[in-house]
Amino acid sequence: MKVLVIGGGGREHALVWRLAQCASVEAVYAAPGNPGVARLAQCIPANVSDPADLLRVAESAGADLTIAGPEAPLVAGVVDAFRAAGRAIVGPTAAAAQLEGSKIFSKRFMARAGIPTADFVTVETEAGALQALDRFGLPVVLKADGLAAGKGVIVAATRAEAESAIRGLLSGQLVGQAGSKLVIEECLVGEEVSFIVISDGKRALPLEPTQDHKAIFDGDTGPNTGGMGAYCDSRILTGAQRRDVMDRIILPTIEHMGAEGSPFTGFLYAGLMMTASGPKTLEFNVRLGDPETQCLLHRLDCDFAEVLMAAAQQDLSQSGLAWKTAPSVCVVLAAAGYPGEPRKGDRIDGIELAEALGAAVFHAGTRKGSAGVETAGGRVLGVTSSGPDLTAAIGRTYEAVRQIRFEGMQYRTDIGRKGLKRWAAVQS
Ligand code: AMP
């Protein structure tokens, strides 16, 4: 089959990379793709927020199957547009994509469906927000209702921080219109896990658990980013924990979305906090996570395109996923200034050296410049490798990272280490 991947970041490069290796795939297209993707797929310029433009691209490429990487096209209704035109696509409808598109929708849905999540209130005014602060104590979590590219959530440790975040969000200063309504919620404590499934509207196939690292600096310090690295190791959750997450969170979500008239199809990503009283949902995303996808697809060991086609046809009854046992690690290389305004236009050296060590180097914020590939965004590259155990996977990934250079390059040096620490503590 011919497959089209919508998007142009690290997640999409990893998707293209995995799909290009599938026996069932004849050709891969990307809209718009990036310089790394262009080595594996034909890149076609497109406006990813415009379903009609994306449909035009799929038709011109003759795509048998389309996968939407980012949330913007999903929230804008790309799945509705493709289905109306009889084209196979993986993802939720615009109505179901509200699980990510609106935090208020998502929290109210969880309350109706009895899905474990943090206690919350929704507010639209400063007076209402300040009053709500008294209810939750400190720290407290403030969330912009709308899409904010990972920048709409603030965990405030002090009352002053909380008040300043409320003003910044409601005034539009921090994330624009997305912050005109807020969710204020209790701060949960525990280990965070990314749990992603692929659903056909009725069933769900779980992917392996992963852990993201959202803070910019080592030790989970500094401001939040889109994700500075992730690792995938089957030990992140026990079999009993996985069943618990499926039974208490994933399956009730799919069942209630169906019952409410918006069956959920595509990738459902539950950001979980594993609390002392069990897993609780921090957020839903309606697509694969980034960088989680980069290490997940490194471990995937089956014809992914066939499973995705079955998902698009809304029948996963005969499908399954297979995984390599070796854990994988993805380290994000970011530009100077990130997560603020990133510095752009610096030449990148050493990608081939990293690849020669067996790592997959996925492009996120790059462009072709006169002197080769250069930086063009906050998260520039994702370097992914695997090894017989997590220690080896971490070592190999950082060895590959050290081959790559660009002016102002920043990365965390502790990706995956929280897994090592946890398992060392369990053993001792
Ligand atoms: P979200 O986009 O809702 O997942 O929030 C981004 C990040 O904020 C999460 O990955 C958590 O680290 C943190 N966070 C969100 N909600 C909570 C909560 N209720 N308690 C503690 N941390 C939270």
Side-chain angles (χ1 to χ4, degrees), residues 18 110 113-117 188-213 230-256 264 266-285 288-289 291-304 307-308 310-311 316-330 384 386-394 415-428:
R18 175 49 71 210
M110 285 192 259
I115 311 263
T117 188
L188 299 175
V189 181
E191 192 81 42
E192 272 190 66
V193 175
S194 305
F195 194 92
I196 307 175
V197 303
I198 179 158
S199 174
D200 61 5
K202 297 183 283 298
R203 308 167 193 86
L205 294 179
L207 277 56
E208 286 285 274
T210 50
Q211 274 195 306
D212 187 10
H213 299 63
Y231 70 102
C232 182
D233 185 315
S234 56
R235 291 178 300 172
I236 290 172
L237 293 180
T238 63
Q241 284 174 317
R242 289 178 202 219
R243 279 191 295 279
D244 206 21
V245 173
M246 287 299 284
D247 291 346
R248 293 172 63 182
I249 294 173
I250 302 295
L251 295 174
T253 299
I254 287 167
E255 191 186 317
H256 276 81
F264 190 92
F267 292 103
L268 178 65
Y269 168 132
L272 304 176
M273 191 70 93
M274 304 304 290
T275 73
S277 55
K280 293 197 178 181
T281 313
L282 294 177
E283 65 162 343
F284 283 122
N285 292 326
L288 286 163
E292 291 95 328
T293 303
Q294 302 182 38
C295 50
L296 272 168
L297 296 190
H298 212 263
R299 279 195 61 202
L300 190 69
D301 195 17
C302 58
D303 192 312
F304 198 32
V307 177
L308 293 176
L316 286 168
S317 60
Q318 307 301 314
S319 301
L321 295 167
W323 303 91
K324 292 177 204 147
T325 49
S328 56
V329 175
C330 169
T384 301
S386 55
D389 58 27
L390 185 57
T391 307
I394 292 170
I415 302 300
R417 230 180 277 156
K418 62 174 105 177
L420 294 181
K421 238 190 252 164
R422 189 147 34 105
W423 295 315
V426 169
Q427 276 159 14
S428 65

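These values consider heavy atoms only, across backbone and side chains, with no hydrogens, waters or symmetry-generated copies.
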Q. Are R299 and S386 close enough, and set up right, to give a side chain to side chain contact (heavy atoms under 4.5 Å, CB included), and what steps lead you there?
A. CA-CA 8 Å; R299 279 195 61 202; S386 55; 5.7 Å; no

Q. Quick one: does E208's side chain get under 4.5 Å of R242's, heavy atoms only?
A. yes

Q | Partner set under side chain to side chain contact (heavy atoms under 4.5 Å, CB included) for A240, not counting sequence neighbours | A | T238, R243

Q: Could you check if a side-chain atom of F195 sits within less than 4.5 angstrom of a side-chain atom of T281, using non-hydrogen atoms only?
A: no

Under 3.5 Å, side-chain donor or acceptor atoms of residues 246-255 against the rest of the protein: list the pairs with distances, not counting sequence neighbours.
from, atom 1, to, atom 2, distance (Å)
R248, NH1, D244, OD2, 3.4
T253, OG1, I249, O, 2.6

Q.
My understanding is that only residues two or more places apart in sequence, or in another chain, count here; which of them pass salt bridge (charged side-chain N to carboxylate O under 4.0 Å, His left out) with D303?
A. none

Q | Partners meeting salt bridge (charged side-chain N to carboxylate O under 4.0 Å, His left out) with K418 (sequence neighbours left out) | A | D220

Q. Which distance, rounded to the nearest 0.5 Å, do you find between the OG1 of T391 and the CH2 of W423?
A. 9.5 Å

Q. Out of curiosity, I115 CD1 to F284 CZ, how far, rounded to the nearest 0.5 Å?
A. 5.0 Å

Q. Is there side-chain contact between L300 and L207, with at least one heavy-atom pair below 4.5 Å?
A. no

Q.
With a 4.5 Å cut-off on side-chain heavy atoms, are I394 and L420 touching?
A. yes

(Q) Please report the interatomic distance OG1(T210) to CD1(I196), rounded to the nearest 0.5 Å. (A) 5.0 Å

Q.
Restricting to side-chain hydrogen bond (donor to acceptor under 3.5 Å, both in side chains), what partner residues turn up for R417, sequence neighbours left out?
A. none

Q | Where S277 and K280 come nearest, the two heavy atoms and their spacing | A | OG-CE, 3.8 Å

Q. Who are the side chain to side chain contact (heavy atoms under 4.5 Å, CB included) partners of K324, not counting sequence neighbours?
A. R18, D301

Q: On the 0 to 90° scale, with breaks at 30° and 60°, tag the H213-Y231 ring pair as parallel, tilted or perpendicular.
A: tilted

Q: Looking only at non-hydrogen atoms, find the nearest pair between V329 and A393 and report the distance.
A: CG2-CB, 3.8 Å

Q | Results of side chain to side chain contact (heavy atoms under 4.5 Å, CB included) for A310 - residues two or more places apart only | A | L316, S319

Q | Set of residues satisfying side-chain hydrogen bond (donor to acceptor under 3.5 Å, both in side chains) with respect to R235, sequence neighbours excluded | A | D233

**Q.** Partners meeting side chain to side chain contact (heavy atoms under 4.5 Å, CB included) with A230 (sequence neighbours left out)
**A.** P291, E292, C295

**Q.** Least distance between heavy atoms, Q241 atom then I236 atom
**A.** OE1-O, 4.2 Å

Q.
Checking S234 now: which residues fulfil side-chain hydrogen bond (donor to acceptor under 3.5 Å, both in side chains) with it, not counting sequence neighbours?
A. none

Q.
Rounded at 0.5 Å granularity, tell me how far OG1 in T117 sits from CG in L188.
A. 7.0 Å

Q. What is the distance from atom OG1 of T275 to atom CG of L282, rounded to the nearest 0.5 Å?
A. 10.0 Å

